Each structure stands twice: as C-alpha cells, then as structure tokens.
Amino acid sequence: MQNENQLIGVRKLKLKKLIDLGVNPYPGKNKRTYYIKKLRDNQDIFIENSQKVIINGRLKAMRRQGKIGFANISDDSGNIQIFVKRDLVGEDNYEIFKLLDLGDFVQIEGICFVTQKGEYSVKADVVTILGKNLKPLPIVKEKKVDGKIERYDVFSDIELRFRKRYLDLLLNPDVKNTFVIRAKIITEMRNFLDKNGFLEVETPTLQPLYGGANARPFTTHHNTLDIPLYLRIATELYLKRLIVGGFERVYEIGKNFRNEGMDKTHNPEFTLLELYQAFTDLDGMISLTENMISEIAKKISGSEIIDFQGEKISFQKPWSKASMTDLIKEKTGFDASDFNFEKIKAFCKDNDIEIAPNAGAGKLITEIFDRFVEPTLIQPTFVIDFPKEVSPLAKDKPGNPNLVERFELFINGNEYGNAFTELNDPIEQRRRLDAQAKLRELGDVEANVVDEDFIEALEYGMPPTGGLGLGIDRLVMLFTGNTSIKEVILFPTMRPE
RNA sequence: GGUCCAGUAACUCAGCGGUAGAGUAUCUGCCUUUUAAGCAGAGAGUCGAUGGUUCGAUCCCAUCCUGGAUCACCA
C-alpha cells in the first residue's frame with residue numbers, strides 16, 4: 001500500500017501544481033464537436049486539415065519526446081492519437097500537458113492531420129484537462145502485428161475484473177462488447193414482442209408471497225407495514241393476474257432472485273423474460289420462441305447459425321421437439337413412460353441417482369432426464385410431456401393423467417426456457433398448490449406456497465393461455481460466447497472482500 | 001458442501017528453507033513525427049491471513065480468507 005500511496009501522492013502533487021497554475025482540474029463545462037469514431041470515419045477532414053475539431057476522452061497512452069508528445073485518447077466510440085507540440089500550444093499550455101497522467105480526461109482542440117507514419121491524428125492547439133486521475137489504471141499495451149492487435153499484460157485477474165468491473169470495461173474491449181450485445185439482445189426482444197402486440201408491464205419485485213417457481217426466496221421486512229416481504233422468484237403469478245384482467249399479451253423483462261447455489265449458470269439475481277398470451281397454448285409458445293430467438297440470432301449474429309466455443313448451433317426452424325421419456329429411452333434404453341414408480345426407483349438406485357424422500361415417479365423421471373439427457377442436448381430442443389408432479393402451474397395433457405402441456409428449451413446442455421399451457425382451472429390449481437403445501441410440510445423448502453389471491457383471480461376466470469419464461473443471461477452467454485454467467489452480468493454477486 | 005488449483009510491486013508474471021526479481025507503470029535526466037517510442041538512472045513489496053516446525057519461513061505443515069475448476073445440490 002506504501003507504493004500505491006506513492007503513486008497517488010505523485011498525482012496529487014500534479015493536481016496541486018495544476019491548481020497553482022490557475023487550472024481547474026475538474027471543470028464542469030466542456031465542448032465537443034466530434035466523437036472519435038465519427039472523426040475517424042470522416043477521412044476528408046484529415047486531408048483538408050483546416051477545420052477545427054474538439055474531442056474529449058481519457059488518456060490511454062503517452063509517448064513524450066521532449067518538446068513534443070504523442071498520446072492516445074479514447075472516448076466511448078473509439079481511440080485516436082493526439083499530437084502536442086510546445087511551439088503550437090504555447091509554453092503555458094505545454095506545462096499543463098506535462099502535468100497530465102494516464103487516465104486523465106482531456107479535451108483536445110485542434111486540427112486533424114496524418115503523421116509521417118500514416119497515423120490519423122489530431123494536432124492540438126489547446127489541451128484542456130477535464131478530470132484528473134488519482135489512481136493509476138492498469139496499463140495494457142497494444143501492438144499491431146499484421147493488422148491484428150496483440151495485447152500485453154491484459155488485465156485478466158478474474159476476481160479483480162468482477163470486483164472492479166469499471167476497470168474491466170475500460171481495459172477489455174471484448175467485455176464492453178459483451179454488454180453492448182446484451183443490450184442489443186434485449187432491445188431486439190422488446191422489438192419482437194412489441195411488434196407482436198405484447199404489452200410490457202412491471203409487476204412487484206417485493207411480494208408478500210412468492211411463487212411461480214420452485215426456489216427459496218430472499219426475505220426482507222417492511223418497517224411501516226411491519227410485514228415480511230419476499231423478493232420475487234418469478235413474475236408468473238402477477239402476469240397471469242393481468243391476463244385475468246383482460247390484457248391478452250403481456251411481458252416483463254426483469255430481475256428475479258433465488259436464494260440458492262451459485263455456479264457457472266446460476267447467479268442469485270438474474271434476468272428473466274416472462275410472457276403470457278391469451279387464447280393460445282404450448283404450440284403457440286413453441287412457434288413464438290422459435291420465431292423470437294431465430295430473429296434475435298439474425299439481428300445479432302447475422303445468421304441463424306451461431307458459433308459457440310467451436311460448436312455450431314442452428315436456430316433454423318423448426319427446432320427439434322421430443323418427449324422427456326422418449327429422450328430418456330433414446331439415451332439410456334430405459335422406458336419410463338408408464339410412470340411405474342418401483343421400476344423407475346430401481347433404475348435410479350442402479351444409477352446412483354438420489355431419491356428424495358417424497359419423490360414420485362414424475363420427480364424421478366426428471367432426475368433421470370437431468371443426468372442422462374440434459375447435457376447431450378446441444379442443438380435447440382423443446383423437451384415436452386413433463387410430469388405433472390413437477391409442474392403445478394401447467395395444464396394437463398389430454399389423455400395422459402401423468403403429463404402436462406409443458407416444454408423446457410435446452411440448448412448447449414443447459415435450460416434456457418420453460419413454457420406451459422397455463423392451468424386456468426381454479427379448482428385444479430388449488431389441488432395442485434395444496435399438494436405443494438403438503439410437500440412443503442414434509443420438508444421440501446422449494447415447494448410452491450399457496451397464493452389464495454392468485455387462486456381467487458383464477459376463479460374470476462382466466463382465458464386459455466400460453467406462458468413462457470426465458471433466461472436472458474444464458475441467452476446472452478450463448479450469443480457472446482461466454483461460459484460463465486458472471487461474464488454477462490455487470491456486477492455479479494461476490495462475497496465481500 | 002467434497003476434491004483440485006491459485007493468491008509475490010499498481011498491472012502481468014518469474015522465483016526460492018538464508019527476510020525478493022523481471023517487464024510495464026511511476027519518478028529523474030536526455031530527446032521536435034512517436035505509436036508495446038528510445039536511452040541512462042532511481043524509488044516502490046506485511047510474498048492473502050493466522051498459528052506451527054526451524055537457528056532462520058514468502059517457500060515446509062495446519063487452519064482460515066478470497067477466487068477459479070470440477071463434482072454434488074439447485075432450475
């Protein structure tokens with residue numbers, strides 16, 4: 001820390017010198033006539049070299065050479081070389097230039113030109129400081145080799161990158177790009193949904209009861225009301241209330257919070273799209289999902305076939321669709337379609353699959369699926385015919401009392417989405433939630449709780465409805481080639497230092 | 001939670017039972033077309049934390065902290 005204080009001390013000294021020279025190191029006003037990229041795109045301006053331009057940016061590299069100096073500054077749009085010459089800016093202004101450090105914000109007023117080595121540059125008439133840097137940024141050196149940029153001493157410590165994400169964004173262009181793409185994906189999603197008549201809504205994040213998923217919640221307390229409140233684990237039950245209320249197509253993109261394990265695909269808070277559409281069903285959700293994601297793929301990647309870690313993933317329609325028990329049979333040879341509990345239990349035992357105390361055949365089937373099938377589903381696959389036992393909010397599949405109309409979407413061995421023909425029979429819904437309550441009494445901390453207000457809403461009547469949930473973070477991982485969810489969340493949850 | 005790996009200067013890393021080294025960054029000097037600028041010199045570290053073994057620990061051992069990988073759990 002001694003050393004760091006020393007580095008900061010040097011900069012504070014320069015700060016003082018600037019102030020002594022009558023310079024405000026943190027001025028409020030500034031001018032800018034060009035973003036750097038726009039300037040670079042306008043090549044004529046470098047050749048005519050008569051027009052005065054003003055650019056702002058952060059000092060990223062400095063090459064001083066006695067009475068001249070070259071530097072690079074970058075703004076949000078790009079990076080450009082500046083050239084400062086004592087004879088041009090004058091002695092006083094050159095003094096200020098000499099007091100600048102890497103990381104300072106500056107304004108350069110000058111004329112564009114091309115150096116002898118062919119570098120597009122701005123020749124300064126006036127150098128103005130816009131913000132003094134006190135703490136040195138890590139230095140990443142870049143060198144062009146055969147047109148490609150090689151980078152040295154890349155700021156790469158994973159822990160530091162996440163804890164000080166601002167540095168990560170500043171120093172790692174790919175990281176910045178990931179979040180630009182993230183924003184574009186969400187924009188394209190909104191465009192698609194808005195175009196298709198969906199209304200974007202906002203439902204409570206703080207809920208007196210949580211529901212819509214199997215998960216443990218975060219709990220908090222409201223002082224004035226003196227009641228416990230839960231951070232939502234899903235938006236499902238509120239969005240369905242809106243369908244009851246007469247909106248036929250609604251969606252919400254928002255944070256959900258689940259108080260459980262963290263790993264490469266799970267962050268305690270994560271972003272989910274949920275949408276509900278009246279007068280459709282699971283098949284409607286399948287085509288909507290295909291259409292939406294393949295359109296996003298085209299918009300983002302320019303193709304319906306994307307490359308993920310060397311794996312080609314195709315979003316060309318139609319995607320494959322298969323029933324859960326068929327897939328199990330295909331991968332293991334074991335036929336679970338009869339839901340014969342003893343037989344399925346025996347299979348689990350043989351394969352070291354843990355049998356939860358209150359698990360029925362349906363629960364065990366999903367366990368077998370998770371173990372043997374899920375990791376093998378690389379191309380987009382709708383897995384349908386889910387056990388009713390694990391789907392308390394989905395409508396029965398006609399003709400089979402064990403199954404519901406539900407799919408989960410798997411890509412690259414992970415779950416991306418979950419959709420049902422929504423259960424709109426209030427009596428059956430109560431039965432299902434009561435069954436969940438029993439499981440809860442038996443110790444299943446993730447079982448759903450009974451939401452009387454939601455059931456009451458169903459009693460007023462909910463039209464036949466299709467619903468979909470889609471994990472945005474995982475989708476962003478897919479489109480940006482990242483294998484950890486932390487890479488696509490700006491400030492992932494970390495244990496405090 | 002289990003197992004494995006990592007933590008050394010601001011950054012990226014080497015190293016080792018005898019209390020530390022490089023490059024970059026910083027500072028000083030020289031330098032009016034450089035671009036990983038260059039040349040010469042200098043400063044900078046509780047070697048993640050705490051105990052133990054030892055004459056002596058950054059190194060060996062134990063525990064802990066933080067992160068990563070993987071398995072388990074979990075959607």
Side-chain angles (χ1 to χ4, degrees), chain A residues 1-11 13-14 60-72 79-89 94 101-103 113-121 123 133-145 149-164 167 171 212-216 233-234 256 258-268 270 272 352-354 356 366-367 369-371 374 386 390-391 408-410 414-418 444-446 469 471 473-474 483-486 492 494-497:
Chain A
M1 286 304 118
Q2 182 72 25
N3 182 40
E4 191 171 349
N5 287 336
Q6 207 172 67
L7 293 172
I8 291 173
V10 166
R11 284 164 197 238
L13 203 67
K14 290 183 187 171
K60 285 299 204 53
M62 181 78 90
R63 297 174 293 281
R64 293 184 201 278
Q65 221 178 76
K67 296 176 188 63
I68 62 164
F70 293 89
N72 284 76
N79 182 297
I80 197 163
Q81 174 169 278
I82 60 162
F83 174 57
V84 182
K85 187 172 175 180
R86 196 184 63 174
D87 293 352
L88 276 176
V89 299
Y94 201 74
D101 285 302
L102 294 180
F113 77 116
V114 183
T115 64
Q116 293 169 5
K117 298 278 171 66
E119 182 82 15
Y120 283 65
S121 310
K123 190 182 292 181
N133 160 297
L134 288 185
K135 203 160 167 153
L137 296 168
I139 299 297
V140 178
K141 292 271 184 177
E142 291 179 349
K143 182 186 174 183
K144 272 189 202 136
V145 181
I149 292 177
E150 270 184 36
R151 310 180 78 233
Y152 302 81
D153 297 344
V154 173
F155 181 69
S156 57
D157 184 292
I158 293 174
E159 188 176 349
L160 264 183
R161 284 184 44 229
F162 294 152
R163 288 196 194 278
K164 306 221 178 290
L167 294 179
L171 300 168
N214 297 337
R216 297 164 73 175
I233 59 172
N256 287 266
R258 298 185 186 174
N259 203 342
E260 51 198 28
M262 299 163 63
D263 59 29
K264 280 170 93 163
T265 54
H266 296 82
N267 195 65
F270 61 103
L272 209 56
D352 288 323
I353 292 173
E354 200 184 330
T366 60
E367 302 278 353
F369 173 84
D370 287 351
R371 163 80 70 87
E374 177 168 340
F386 265 67
V390 296
S391 313
E408 282 192 349
L409 170 64
F410 292 89
N414 279 307
E415 183 206 339
Y416 281 74
N418 184 14
D444 182 348
V445 291
E446 301 202 332
D473 309 284
R474 292 182 185 176
T483 55
S484 166
I485 198 167
K486 287 190 162 87
M494 305 281 281
R495 199 183 285 275
E497 278 177 293

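A quick note: this is a predicted structure, and the numbers were derived from the prediction, not measured. Labels below follow one simple rule: chain letters A, B, ... track the order of the sequence lines, proteins then strands, and each chain is numbered from 1.
Residues forming a side-chain hydrogen bond (donor to acceptor under 3.5 Å, both in side chains) with Arg258(A) (at least two apart in sequence, or on another chain): none. With sequence neighbours excluded, no residue satisfies ring pair (Phe, Tyr, Trp, His ring centres under 6.0 Å) with Tyr152(A). Partners of Phe270(A) according to the ring pair (Phe, Tyr, Trp, His ring centres under 6.0 Å) rule, which considers only residues two or more places apart in sequence or in another chain, do not exist here. Residues passing the ring pair (Phe, Tyr, Trp, His ring centres under 6.0 Å) test with Phe386(A): none are found, sequence neighbours excluded. Considering only residues two or more places apart in sequence or on other chains, Tyr94(A) meets the ring pair (Phe, Tyr, Trp, His ring centres under 6.0 Å) condition with Phe97(A).
Contact annotation: Arg63(A) side-chain N/O to U34(B) OP1/OP2 distance is not under 4.0 Å. Within the 4.0 Å cut-off from OP1 or OP2 of U70(B), at least one side-chain nitrogen or oxygen of Lys264(A) is found. For Lys486(A) and G68(B), the shortest distance from a side-chain N or O to OP1 or OP2 is below 4.0 Å. The side chain of Lys14(A) places an N or O atom within less than 4.0 Å of a non-bridging phosphate oxygen (OP1 or OP2) of C27(B). Residue Lys123(A) places none of its side-chain N or O atoms closer than 4.0 Å to OP1 or OP2 of U33(B). Close to C65(B), at under 4.0 Å from its OP1 or OP2, lies no side-chain N or O of Arg495(A). In terms of phosphate contacts, Arg163(A) brings a side-chain nitrogen or oxygen within less than 4.0 Å of OP1 or OP2 of G67(B).
Checked by distance alone, Asp153(A) brings no side-chain donor or acceptor within 3.5 Å of a matching partner on the base of U24(B). Residue-to-nucleotide contacts include a donor-acceptor pair under 3.5 Å from the side chain of Thr115(A) to the base of U34(B).
Residue Phe70(A) and nucleotide A37(B) are not classified as a stacked aromatic pair, given the requirement of ring centres less than 5.5 Å apart at an interplanar angle below 30°.
For Glu354(A), whose side chain is taken as the heavy atoms from C-beta onward, the closest listed nucleotide among A37(B), C73(B), U33(B) is C73(B).
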- Query: Would you write out the dot-bracket form of RNA chain B, 5' to 3', with Watson-Crick and G-U pairs under 3.5 Å, [ ] for crossing pairs, | for pairs to other strands and . for unpaired bases?
  - Reply: (((((((..((((....[..)))).(((((.......))))).....(((((..]....))))))))))))....
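Across all strands shown, Glu150(A) has no heavy atoms under 4.0 Å from either base or sugar-phosphate atoms.
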